[in-house]
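Before any comments, here is the structure.
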Amino acid sequence: MAKERSDFSGPIGDRVPWEEFSTEFLSKIMALWQEQWEAFTKGLVKVGSQMEGVGRQKAEELLAKVNEEVKPPVFSKKPGASGKSRSDTLKMMRQWQEKWELFTNKIIGIGSQMEGIGLLNAADLLARTMEEVNPPIFARIAEVSKLNANTVEGRVKAGGLCMDNMADHYPGNYEVKSDSEVILRYDRCAVMDKKLMVDDINMLRYVCQYVEPRYAMTMLNYPGQRKIKVDLLKIPESFERTPGEPVCIWRFAFED
């Protein structure tokens, strides 16, 4: 039997094999996920209260509506100090991932239908909240995972330990150009195939072009360190895929 992994060092890859990690490592990641979730729910109202066109009342209403449809997990009073078995820990991680993906999608989905918020404000509210909450969390994820935060590859790999990285999502193909640049290509897209969030290609293109790069940068740009810029070199033209062509191409690179 292979030794359980206690960090995430090694070559970059899109798939996160949780089953290979030790219970101790998984508990550390879940403790950081808990901090992220709690900070996000508080931050959503704070950020919304400062946004013209949203305000505290609408932000609280949106959060309440989302919580009605997606019940948040029951959090531990002592994050990371779980006495659960490895199988129970893995099961809980999957549940949290499913909830988090649905939760963040509902922010845009429900917000886009609310009078006084709409699609643009809902997407901006999600991105702004992530920009406030994520950077210090993911800097600690990189540290716990023993990844080199001085390279784009290290930070992109740390970003792969996010709650959004679901087992049924398709793996991407990475090309490490240098310590300062990584190209990522996806040949299939779960959102396109399953219409997980939208069934309007224009809305999907908006999310791909403006929301996703901002969200990705919140997981890649750590406080006080070199900034990474995310560019989408190709985004979907329609829900119909062209055989032999990637659905999207990402570029991650240091700004300087």
Side-chain angles (χ1 to χ4, degrees), residues 2 5 7-21 25 29 90 93-94 97-98 100-101 104-105 127 130 134 138 141-142 144-198 201 203-222 226-255:
R5 297 168 59 179
D7 59 52
F8 198 38
S9 58
I12 193 169
D14 191 43
R15 190 64 58 184
V16 179
W18 298 123
E19 289 76 11
E20 294 184 13
F21 293 117
F25 180 79
I29 296 299
L90 287 166
M93 291 184 80
R94 297 299 185 197
Q97 287 186 284
E98 291 170 2
W100 178 255
E101 182 181 43
T104 52
N105 286 347
M130 293 298 189
N134 282 355
F138 277 86
I141 286 177
V144 165
S145 305
K146 297 182 181 179
L147 293 166
N148 186 355
N150 295 316
T151 66
V152 172
E153 179 182 7
R155 292 201 215 169
V156 170
K157 193 172 185 191
L161 292 170
C162 65
M163 281 185 277
D164 306 66
N165 199 340
M166 298 295 292
D168 62 349
H169 285 188
Y170 304 119
N173 299 291
Y174 289 92
E175 181 183 1
V176 180
K177 295 283 191 178
S178 68
D179 284 350
S180 300
E181 182 182 6
V182 172
I183 302 294
L184 168 60
R185 186 187 79 246
Y186 280 103
D187 295 319
R188 295 184 67 184
C189 170
V191 175
M192 287 177 62
D193 288 355
K194 302 178 183 180
K195 297 186 179 178
L196 296 176
M197 182 169 56
V198 295
I201 190 60
M203 183 176 177
L204 176 63
R205 285 172 59 82
Y206 174 82
V207 171
C208 289
Q209 196 162 7
Y210 298 107
V211 179
E212 291 293 345
R214 283 181 70 183
Y215 182 27
M217 283 189 281
T218 70
M219 296 186 289
L220 301 174
N221 290 316
Y222 303 162
R226 294 175 70 186
K227 297 298 182 184
I228 291 177
K229 189 172 186 296
V230 178
D231 293 303
L232 263 80
L233 307 181
K234 176 180 172 58
I235 61 174
E237 296 295 332
S238 71
F239 282 112
E240 298 298 323
R241 292 187 293 110
T242 303
E245 287 190 12
V247 294
C248 63
I249 302 175
W250 297 63
R251 178 179 182 266
F252 310 96
F254 283 129
E255 291 183 353

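A quick note: this is a predicted structure, and the numbers were derived from the prediction, not measured.
- Between Leu147 and Ser9, the closest heavy-atom pair is CD2-CA, 4.1 Å.
- Tyr174 OH to Leu184 CG: the interatomic distance, rounded to the nearest 0.5 Å, is 4.5 Å.
- Contact detail for Lys157 and Phe8: the closest heavy-atom pair is NZ-O, 2.8 Å.
- Shown here are the side chain to side chain contact (heavy atoms under 4.5 Å, CB included) partners of Cys208, two or more places apart in sequence or in another chain: Leu204, Leu232, Ile235, Pro236.
- No side-chain donor from either of Asp231 and Trp250 sits under 3.5 Å from a side-chain acceptor of the other.
- Donor-acceptor pairing under 3.5 Å is recorded for the side chains of Tyr215 and Asp164.
- In this structure, the side chains of Ile249 and Ile183 come closer than 4.5 Å at one or more pairs of heavy atoms.
- Sorted by first and then second residue, the pairs that involve residues 176-186 and meet salt bridge (charged side-chain N to carboxylate O under 4.0 Å, His left out), not counting sequence neighbours, are Glu175-Lys177, Glu181-Arg251, Arg185-Asp187.
- Using modelled atom types, one side-chain atom of Asn221 and one backbone atom of Ile228 make a donor-acceptor pair closer than 3.5 Å.
- A distance of 13.5 Å separates CZ of Arg226 from CG of Leu220, quoted to the nearest 0.5 Å.
- Residues that satisfy the salt bridge (charged side-chain N to carboxylate O under 4.0 Å, His left out) test with Lys146, not counting sequence neighbours, are absent from this structure.
- Considering only heavy atoms from C-beta on, Arg94 comes within 4.5 Å of Trp18 through its side chain.
- Scanning for salt bridge (charged side-chain N to carboxylate O under 4.0 Å, His left out) contacts around Arg214 gives Asp124, Glu131, with sequence neighbours left out.
- Residues forming a ring-ring contact (aromatic ring centres under 6.0 Å, His included) with Phe25 (at least two apart in sequence, or on another chain): Phe21.
- In terms of heavy atoms, Tyr222 sits closest to Ala158 at OH-CB, 3.6 Å.
- Here the closest heavy-atom approach between residue Cys162 and residue Gln97 is recorded as O-NE2, 3.9 Å.
- In this structure, the salt bridge (charged side-chain N to carboxylate O under 4.0 Å, His left out) partners of Lys234, at least two apart in sequence or on a different chain, are Glu245.
- Looking at every heavy atom in both residues, Ala216 comes nearest to Val230 through CB-CG2, 4.1 Å.
- In the displayed structure, Phe254 atom CZ is contacted under 6.0 Å by more than 12 heavy atoms of other residues, nucleotides or ligands.
- Atom OG1 of residue Thr218 and atom CG of residue Asn134 lie 3.5 Å apart, to the nearest 0.5 angstrom.
- Contact annotation: the side chain of Pro246 never approaches that of Tyr186 to less than 4.5 Å [non-hydrogen atoms, C-beta and beyond].
- Between the side chain of Ser178 and the main chain of Ser180, a donor-acceptor pair closer than 3.5 Å is present.
- When all heavy atoms of Ser145 and Leu161 are compared, the pair lying nearest together is OG-CD1, 3.1 Å.
- Between Arg5 and Glu20 a salt bridge is recorded (basic side-chain N to carboxylate O distance below 4.0 Å).
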